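Here is the structure we will look at.
All residue numbers in this chain count up from 1 along the given sequence. All figures in this text were calculated on a predicted structure; none of them were measured in a lab.
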Amino acid sequence: MNSITDQPILSSSEDLLKVEKYSQALSNFIGNSETPITIGLQGEWGTGKTSLMSLLLEDFSRDGREVKIATSWVNTWEYSMFKGAHETTPGVLRGMLEKLKESCKDRGVWTLADGAKDRFGKATRFLGGLANQVLANQTGLNVKDAASGVSDKTKYLAEIAEIKALIAGLIQELIDDSKNPVEKVVFFVDDLDRIPPSDAVEVLESLKNIFDIPNCVFLLAIDYEVVVKGLESKFGPKTESNEREFRSFFDKIIQVPFSMPVGTYDIENFLVEKLKKLEVEIDETNRELFTKAVRFTIGSNPRSLKRYLNSFSLINDLKAIEFDTDQEAQGDDFMLFALLGIQISYPNIFRLLTQSSDFTKWDRGFANKFGVEWTQIEEQLEKFGEHDLIDEEWERVVWGACQKDPYIKAKAFSILELLNLLRDRYKETLMEQIDAAMAFASITSVDDDVESKQAVQKIGNKTVFNGIAAKVNQLEEAGISNEGLDNYKTLWNILDGGVSNNKSFRISFTKTATSFNNDKNPGKGNRQVIYCPNPSKKEPGIKLWIKRNYPEIKALEQELKQKFNLENTSLIKKLDDGDLFIGPGLQNELGPQKYKELLEAIASRIIT
């Protein structure tokens with residue numbers, strides 16, 4: 001499997017976030033509560049409201065359990081699709097009754113007599129024809145009359161009372177019927193935050209006016225911010241002076257608010273299990289590391305985490321295809337994972353990384369170039385005093401860049417913690433790892449900034465140099481010493497000559513490394529023979545991996561050790577995966593001249 005579907009869980013066996021204890025508590029509360037009562041599951045988009053309701057439904061519907069609670073589940077968005085704004089509410093209300101009937105029939109507890117069934121039909125017809133006008137009278141919304149020829153408001157109100165009594169009587173008959181054990185009815189009203197906010201408010205109003213009847217519990221999945229938007233036409237934009245009016249409306253509808261417990265979700269368990277399904281294994285020692293990256297970026301929103309993991313899976317698939325032979329550009333999995341989180345959650349910071357990937361070099365000049373006023377940063381940071389996350393110049397640049405966006409502003413210290421984690425983990429290889437990971441993290445970016453897109457295109461596409469001369473020029477510009485450049489050219493000039501004489505040989509000169517490949521080798525991933533990262537500024541020797549794909553790898557190892565008296569060195573060693581590693585420290589151990597002879601011996605043997 002290489003993707004995760006964005007579907008709510010349906011049973012406790014899928015509860016990777018470990019929220020079942022909350023569903024059990026709610027189940028007990030509902031079973032013992034007086035009625036009527038409305039419970040609001042509050043949380044932003046994707047926080048798991050539907051999944052929690054599914055766990056409750058599973059508990060009420062469990063096989064072998066006496067059916068004391070009848071249920072009705074409506075997805076409000078299903079009643080809003082392809083309909084006018086004021087057709088949604090009557091559809092939802094009618095659906096609540098119809099779904100109750102369906103559910104009771106499925107569970108064998110629909111025992112109403114024929115007369116009651118007729119009254120049930122009358123109730124659903126009434127809701128289909130009158131609900132819009134109810135809302136017009138109750139909330140002042142300008143909707144068309146639902147019952148043609150009827151204009152007397154007094155008559156409407158009388159009919160409202162009549163239909164409310166009719167529904168209450170039907171539910172009471174169901175509960176009083178000795179042929180079934182039903183004691184309560186729970187109405188699940190889902191996806192109110194997926195319909196237009198004004199429609200969501202209409203549904204809430206109608207529930208209060210029509211369905212506020214005994215023996216009923218209403219469980220609503222709602223985002224408070226959606227209610228606020230829906231009420232703006234009535235109260236105006238929310239301010240400190242009128243916030244009480246918005247809250248009062250919400251409190252009149254919902255007696256028991258329940259905020260989704262995202263802070264207690266078992267993110268590590270969810271992350272590890274979902275990645276297993278994507279065939280990505282995280283070593284146990286790194287689980288906390290990946291979990292921190294999640295917490296510092298997208299947080300605990302399950303839907304956002306699924307999107308995050310799907311992007312990660314897509315990029316891993318692309319890496320496997322794009323770099324079948326060029327392992328060097330793949331980079332470290334955690335670096336890619338972390339940068340992907342920054343790209344999804346903090347596009348402004350990711351945009352800066354596309355301009356200059358080594359964030360530890362960001363200074364006041366960089367800040368001013370991208371519209372971050374350094375003087376203003378200094379003044380604002382004075383109130384924090386000493387703080388280990390804003391005591392370096394680059395950290396102050398990051399903090400300042402976060403102040404323009406209210407969301408990122410609140411997350412500034414999370415961003416700084418993640419960037420410090422990356423710096424401490426990768427140390428001197430930080431820039432190399434960022435560049436390799438940026439080549440992929442930028443692929444799923446939706447940034448519409450023109451300058452950023454141009455930079456992403458430059459970094460996001462694999463940078464290939466046309467021959468040794470262009471590659472050496474890049475290394476010179478990167479500050480590699482002359483001795484390091486000489487060693488690099490000693491090896492790769494010989495290998496380049498082999499490419500000229502054998503069409504099966506190929507050299508790939510990329511931004512962070514160089515590789516020698518034999519395209520005759522069959523099978524995916526078996527063509528790379530030598531992998532050589534860019535030389536370091538700190539030492540002139542170069543790292544080499546002679547890949548296990550090279551058939552004479554054992555003979556080469558023996559030859560080098562014997563010819564250069566290196567039997568006891570730890571700088572030539574066979575790795576667990578079968579590759580032969582040759583460390584850069586051999587330059588110091590052998591001396592410059594002997595070291596060049598060793599590089600010549602390696603290159604000459606590879607191309608023969």
Side-chain angles (χ1 to χ4, degrees), residues 318-319 321-331 353-358 361 428-443 451-519 527-547 582 584 587 592 595-596 598-600 602-604 606-607:
L318 180 62
K319 282 167 59 178
I321 297 170
E322 177 79 5
F323 294 99
D324 176 19
T325 61
D326 292 330
Q327 183 178 355
E328 67 274 11
Q330 294 187 27
L353 286 168
T354 66
Q355 304 301 315
S356 176
S357 57
D358 189 355
K361 299 293 194 301
E428 67 273 4
T429 66
L430 177 66
M431 184 175 176
E432 178 183 326
Q433 291 291 347
I434 290 177
D435 283 345
M438 285 288 285
F440 295 98
S442 58
I443 290 169
E451 188 173 340
S452 176
K453 279 187 173 182
Q454 291 172 344
V456 167
Q457 187 175 11
K458 181 181 177 183
I459 295 174
N461 294 332
K462 179 180 169 186
T463 304
V464 178
F465 295 90
N466 186 19
I468 288 180
K471 177 65 181 177
V472 168
N473 185 57
Q474 180 233 350
L475 296 176
E476 286 176 342
E477 291 177 353
I480 305 302
S481 68
N482 288 334
E483 196 173 5
L485 290 172
D486 286 343
N487 289 331
Y488 178 88
K489 288 187 285 186
T490 295
L491 176 72
W492 289 103
N493 278 334
I494 296 173
L495 292 172
D496 190 48
V499 170
S500 301
N501 297 321
N502 189 330
K503 292 182 180 180
S504 298
F505 294 157
R506 174 174 50 84
I507 297 177
S508 176
F509 299 99
T510 65
K511 186 173 183 179
T512 57
T514 312
S515 66
F516 182 85
N517 309 278
N518 186 348
D519 290 337
R527 294 166 190 150
Q528 192 176 80
V529 179
I530 296 180
Y531 165 53
C532 172
N534 288 351
S536 167
K537 296 178 185 178
K538 295 184 177 181
E539 56 184 348
I542 55 180
K543 294 179 183 178
L544 290 177
W545 279 262
I546 311 300
K547 308 302 288 183
I582 299 175
Q587 156 90 13
Y595 182 64
K596 285 185 179 180
L598 179 137
L599 294 175
E600 290 170 353
I602 293 171
S604 298
I606 291 292
I607 62 174

note = When rounded to the nearest 0.5 Å, the distance separating NZ of Lys471 from CG of Asn534 is 3.5 Å
task = Nearest 0.5 Å please: distance from the OG1 atom of Thr429 over to the CD1 atom of Ile434.
result = 9.5 Å
ask   = Between Lys547 and Asn517, is any side-chain donor less than 3.5 angstrom from a side-chain acceptor?
value = no
task = For Asn518, check side chain to side chain donor-acceptor pair (under 3.5 Å) against everything at least two apart and list the hits.
result = none
message = Going by side chain to side chain donor-acceptor pair (under 3.5 Å), name the residues that satisfy it together with Glu600, two or more places apart in sequence or in a different chain.
response = none
key: Derivation of the side-chain contact (heavy atoms from CB on, under 4.5 Å) call for Thr514 and Ile468   = CA-CA 10 Å; Thr514 312; Ile468 288 180; over 6 Å; no
query = Hey, what do you get for CD (Gln474) to CD (Glu476), rounding to the nearest 0.5 Å?
reply = 10.5 Å
inquiry  = Side chains of Leu485 and Pro535, heavy atoms from C-beta outward: is any pair under 4.5 Å?
reply    = no
note = Those residues at least two apart in sequence (or on a different chain) that pass ring pair (Phe, Tyr, Trp, His ring centres under 6.0 Å) with Phe516 are Phe505
ask   = Taking only residues two or more places apart in sequence or in another chain, which ones pass salt bridge (charged side-chain N to carboxylate O under 4.0 Å, His left out) with Lys361?
value = Asp358
ask   = Excluding sequence neighbours, so at least two apart, what forms side chain to side chain contact (heavy atoms under 4.5 Å, CB included) with Lys538?
value = Glu428, Ser536
key: Spatial distance of atom CG (Asp496) from atom CD1 (Ile607) [nearest 0.5 Å]   = 10.0 Å
message = Check whether Lys537 reaches the backbone of Ala478 with its side chain - one donor and one acceptor, N or O, closer than 3.5 Å.
response = yes
inquiry  = If you define the side chain from C-beta out and look only at heavy atoms, does anything of Tyr488 sit under 4.5 Å from Ile480?
reply    = no
message = How close do Ile542 and Asn487 get, counting heavy atoms only, and between which atoms?
response = CD1-O, 4.3 Å
ask   = Is a donor on one side and an acceptor on the other found under 3.5 Å between the side chain of Asn502 and the backbone of Gly498?
value = no
ask   = What residues form a side chain to side chain contact (heavy atoms under 4.5 Å, CB included) with Lys543, not counting sequence neighbours?
value = Pro533, Trp545, Phe581, Pro584
query = Are Tyr595 and Pro540 close enough that some pair of their side-chain heavy atoms sits under 4.5 Å apart?
reply = no
Heavy-atom pair with the smallest gap, counting every atom of Val499 and Arg506 = CG2-N, 4.1 Å
query = In Å and rounded to the nearest 0.5 Å, what is the CD1 to CG distance from Ile530 to Leu495?
reply = 5.0 Å
task = Indicate the atoms forming the closest heavy-atom contact of Leu544 with Ile602, along with that distance.
result = CD1-CD1, 4.0 Å
ask   = Roughly how far, to the nearest 0.5 Å, is the CZ atom of Phe509 from the CG atom of Leu475?
value = 10.0 Å
note = For Lys489 and Val472 the tightest heavy-atom approach is CG-CG2, 3.8 Å
